[in-house]
Amino acid sequence: MNKEKNLKPSKELPLGFVDRQEKELLIRDFIISNIKEVMTKYGFQYLETPSFEYTDSIGKFLPDKERPDQGVFSFKDENKWLSLRYDLTAPLARYVAKNYLEIPKPFKRYQLGTVWRNEKPGPGRFREFLQFDADYVGTKSLLADAELCVLVSEILEKCGLDKKDYTVKISSRKFTDKIFEQLKIKSKEQISTTLRALDKIDRLGWEEAKKLLGEGRKDKSGDYTKGANLNSDQIKIIENALKSKTSDSEDVLEIIRIFTDYNFENYKFDPSVIRGLEYYTGPIFEVNLNFEVKNSKGQVIQFGSIGGGGRYDNLVSNFGNFDCPATGISIGLDRLVFALMQKKDFKIKTARPVVICVFDKNKNKEYIGILNKLRMLNISSEIYPGEGKLKKQMEYANKIGSPAVILYGDDEIKSGKATLKNLESGKESLVKIEDLANEIKKLL
RNA sequence: GCAGCAGUAGCUCAGUUGGUUAGAGCACUAGUUUGUGGAACUAGGGGUCGGUGGUUCGAAUCCACCCUGCUGUACCA
């Protein structure tokens with residue numbers, strides 16, 4: 001007995017992977033159609049690259065180890081490491097390097113694709129998710145960086161977010177570089193610990209983040225995180241720099257000037273925006289939601305950003321001799337869907353089929369006749385796809401959210417009329433077969 | 001990865017200081033209604049109490065280890 005049970009396949013999903021239901025998928029489709037519309041309008045090309053890349057192509061080899069960095073899903077194929085892509089930027093850099101001579105410069109492309117990350121999942125945060133990515137390759141113009149922010153906000157608003165629902169935060173790697181000059185610290189480790197601490201100000205608040213700049217911090221669970229070991233003078237320098245409402249970084253100022261020309265106002269200079277440590281070289285952006293997001297238990301959770309990006313002028317040149325500046329922005333679509341589902345005023349209509357109930361299997365010809373008339377007019381409809389009493393059929397129609405059922409039994413067939421029952425109101429009416437479609441359209 | 005908390009029916013959970021055949025609500029199935037859903041009533045199915053080992057006459061309950069989940073934290077290109 002025991003053994004037999006153990007042989008059954010598991011119905012559980014791997015950690016961080018989920019089944020996605022129609023409700024969610026329709027919102028996602030809605031977002032995607034908005035993205036395509038906006039991107040076409042802004043003149044971007046649509047591109048697709050494969051899910052797998054050679055691990056070294058997407059920059060995920062630990063220099064001193066044979067295995068790829070953890071964080072990516074990888075396997076060894078014929079002595080070569082392959083990895084599932086973890087974002088769409090690295091594959092783009094690879095694509096540009098590979099096709100450099102053919103593609104137009106500058107090159108503007110957008111991409112929608114699944115990416116995978118081997119990390120700890122959380123609410124609205126999965127190990128497999130859909131990402132949208134838009135990039136400008138081959139231009140140093142900050143017009144490009146600014147436009148990416150403008151375009152993302154247009155997408156978000158098209159999806160139903162108000163201006164108060166989100167903020168595009170901008171900063172620049174150059175701004176933090178200046179701080180480090182003042183601090184006179186050069187240790188790469190100390191710099192990255194400091195940057196990570198700054199990145200957390202948003203979530204933890206300045207007082208907690210300060211501990212991470214100094215000795216370290218104990219979190220709610222009692223876990224201890226080592227800090228950057230800056231002295232109090234250095235922390236003071238950072239504190240003052242963070243207080244500045246405007247950047248003294250030329251690139252940020254320039255982008256803000258362009259925002260003004262676009263009449264784009266929904267941005268905020270925020271020096272605590274850090275993003276990835278590895279490859280950004282100039283302006284960086286992050287898109288944050290301003291409304292509360294709850295988990296399945298109704299607790300308000302730390303949701304973080306739904307997108308971000310920045311300038312990465314060295315990424316393409318990693319592949320060869322092409323010196324090619326670039327800037328890009330991404331949105332995590334599933335995170336946006338998760339958040340959008342929680343906005344109470346956000347609704348998407350789903351078309352559920354009208355159900356034609358089955359009284360007699362020998363009357364299939366009649367049922368199919370009605371079905372064809374309805375489907376001809378694009379009315380979602382079906383013949384009850386099972387066996388059972390009328391009651392069971394009604395329960396089915398109710399459960400799938402069908403707007404109406406059609407009853408066409410002996411009584412109706414004699415009179416040439418069908419009973420149309422509105423499942424919302426419960427009202428029934430006798431309708432001539434020819435008029436059925438029109439009557440149904442009225443109640444949809 | 002680290003830390004805290006948790007794991008009992010499909011779901012949400014109760015289960016008293018260890019003590020017979022482990023409970024409830026919702027959901028499911030059938031019926032009350034052989035042509036009528038979303039309400040009600042009746043009946044029924046469904047669990048080796050996350051796993052393994054231990055303590056004990058006896059474990060859902062105590063102990064050890066493992067697994068999984070949640071939350072925080074680290075990493076996040």
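Because the structure is a prediction, the values reported are computed rather than measured. Throughout, protein chains are lettered first and strands after them, A, B, ... in sequence-line order, and every chain is numbered starting at 1.
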Spacing between [X] atom [atom1] and [N] atom [atom2], to the nearest angstrom:
X	N	atom1	atom2	result
A:Tyr224	B:A74	OH	P	13 Å
A:Asp56	B:A77	CG	P	20 Å
A:Phe73	B:C76	CZ	P	17 Å

Pairing partner (Watson-Crick or G-U wobble, both distances under 3.5 angstrom) of [N]:
N	result
B:C65	B:G51
B:A77	none
B:G25	B:C11
B:C41	B:G31
B:G72	B:C2

Can you give me the N/O atom pairs linking the protein to nucleotides 42-45 of chain B at distances under 3.5 Å, or say none if there are none?
none

Query raised in the report: Under the side-chain contact (heavy atoms from CB on, under 4.5 Å) criterion, do A:Met39 and A:Ile155 qualify, and how do the steps go?
Result: CA-CA 9 Å; A:Met39 294 318 287; A:Ile155 289 170; 4.3 Å; yes
Once you apply a heavy-atom cut-off of 4.0 Å, does [X] come out as touching a base, just sugar-phosphate, or nothing?
X	answer
A:Lys226	nothing
A:Lys389	sugar-phosphate
A:Val72	base
A:Glu412	base
A:Leu315	nothing

Query - Minimum-distance nucleotide to A:Tyr280 side chain [options: B:C75, B:A77, B:G72] - result: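 Of B:C75, B:A77, B:G72, B:A77 is nearest to the side chain of A:Tyr280.
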Taking the [atom1] atom of each, how far is [N] from [M], in whole Å?
N	M	atom1	answer
B:U61	B:G4	C1'	22 Å
B:A14	B:C26	C1'	15 Å
B:G31	B:G72	P	48 Å
B:G69	B:A59	P	30 Å

List, with names and distances, any nitrogen or oxygen atoms from the protein found under 3.5 Å away from nitrogen or oxygen atoms belonging to nucleotides 37-41 of chain B.
unit_1 : atom_1 : unit_2   : atom_2 : d
B:G37  : O2'    : A:Asn398 : ND2    : 3.3
B:G37  : N7     : A:Lys421 : NZ     : 3.2
B:G37  : N1     : A:Leu423 : O      : 2.5
B:G37  : N2     : A:Asn398 : OD1    : 2.8
B:G37  : N2     : A:Leu423 : O      : 2.6
B:G37  : N3     : A:Asn398 : OD1    : 3.3
B:G38  : O4'    : A:Asn398 : ND2    : 3.1
B:G38  : N2     : A:Glu424 : O      : 2.9

Query raised in the report: Under 6.0 Å from the six-membered ring centre of A:Tyr54 and within 45° of its axis: does the NZ or CZ of A:Lys80 meet both?
Result: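 A:Lys80 over A:Tyr54 ring: yes.
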Requested in this report: Could you tell me if the ring centre of A:Phe44 sits under 6.0 Å from that of A:Tyr136?
Outcome: yes
Requested in this report: Please check if the distance between the ring centroids of A:Tyr384 and A:Tyr367 is under 6.0 Å.
Outcome: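 Ring-ring flag for A:Tyr384/A:Tyr367: false, centres at least 6.0 Å apart.
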Query raised in the report: Side chains of A:Thr419 and A:Glu412: donor-acceptor distance under 3.5 Å anywhere?
Result: yes
Query raised in the report: Does any donor atom in the side chain of A:Ser83 or A:Glu53 lie under 3.5 Å from an acceptor atom in the other side chain?
Result: no
Requested in this report: Could you say whether A:Ile58 or A:Asp410 is positioned toward the 5' end of RNA chain B, judged by the nucleotide with the nearest heavy atom to each?
Outcome: A:Asp410
Query raised in the report: Going by number, which of residues 351-368 of chain A have a non-hydrogen atom under 4.0 Å from RNA chain B?
Result: A:Phe359
Query raised in the report: How are the rings of A:Tyr46 and A:Tyr110 set relative to one another: parallel (under 30°), tilted (30 to 60°) or perpendicular (over 60°)?
Result: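 Rings of A:Tyr46 and A:Tyr110: parallel, as their planes differ by under 30°.
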**Report entry** A:Gln393 (side chain) and B:G35 (base): donor-acceptor pair under 3.5 Å
**Finding:**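 There is none.
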Requested in this report: Would you check, one step at a time, whether the test side-chain contact (heavy atoms from CB on, under 4.5 Å) holds for A:Leu156 with A:Leu336?
Outcome: CA-CA 9 Å; A:Leu156 294 180; A:Leu336 181 56; 3.9 Å; yes
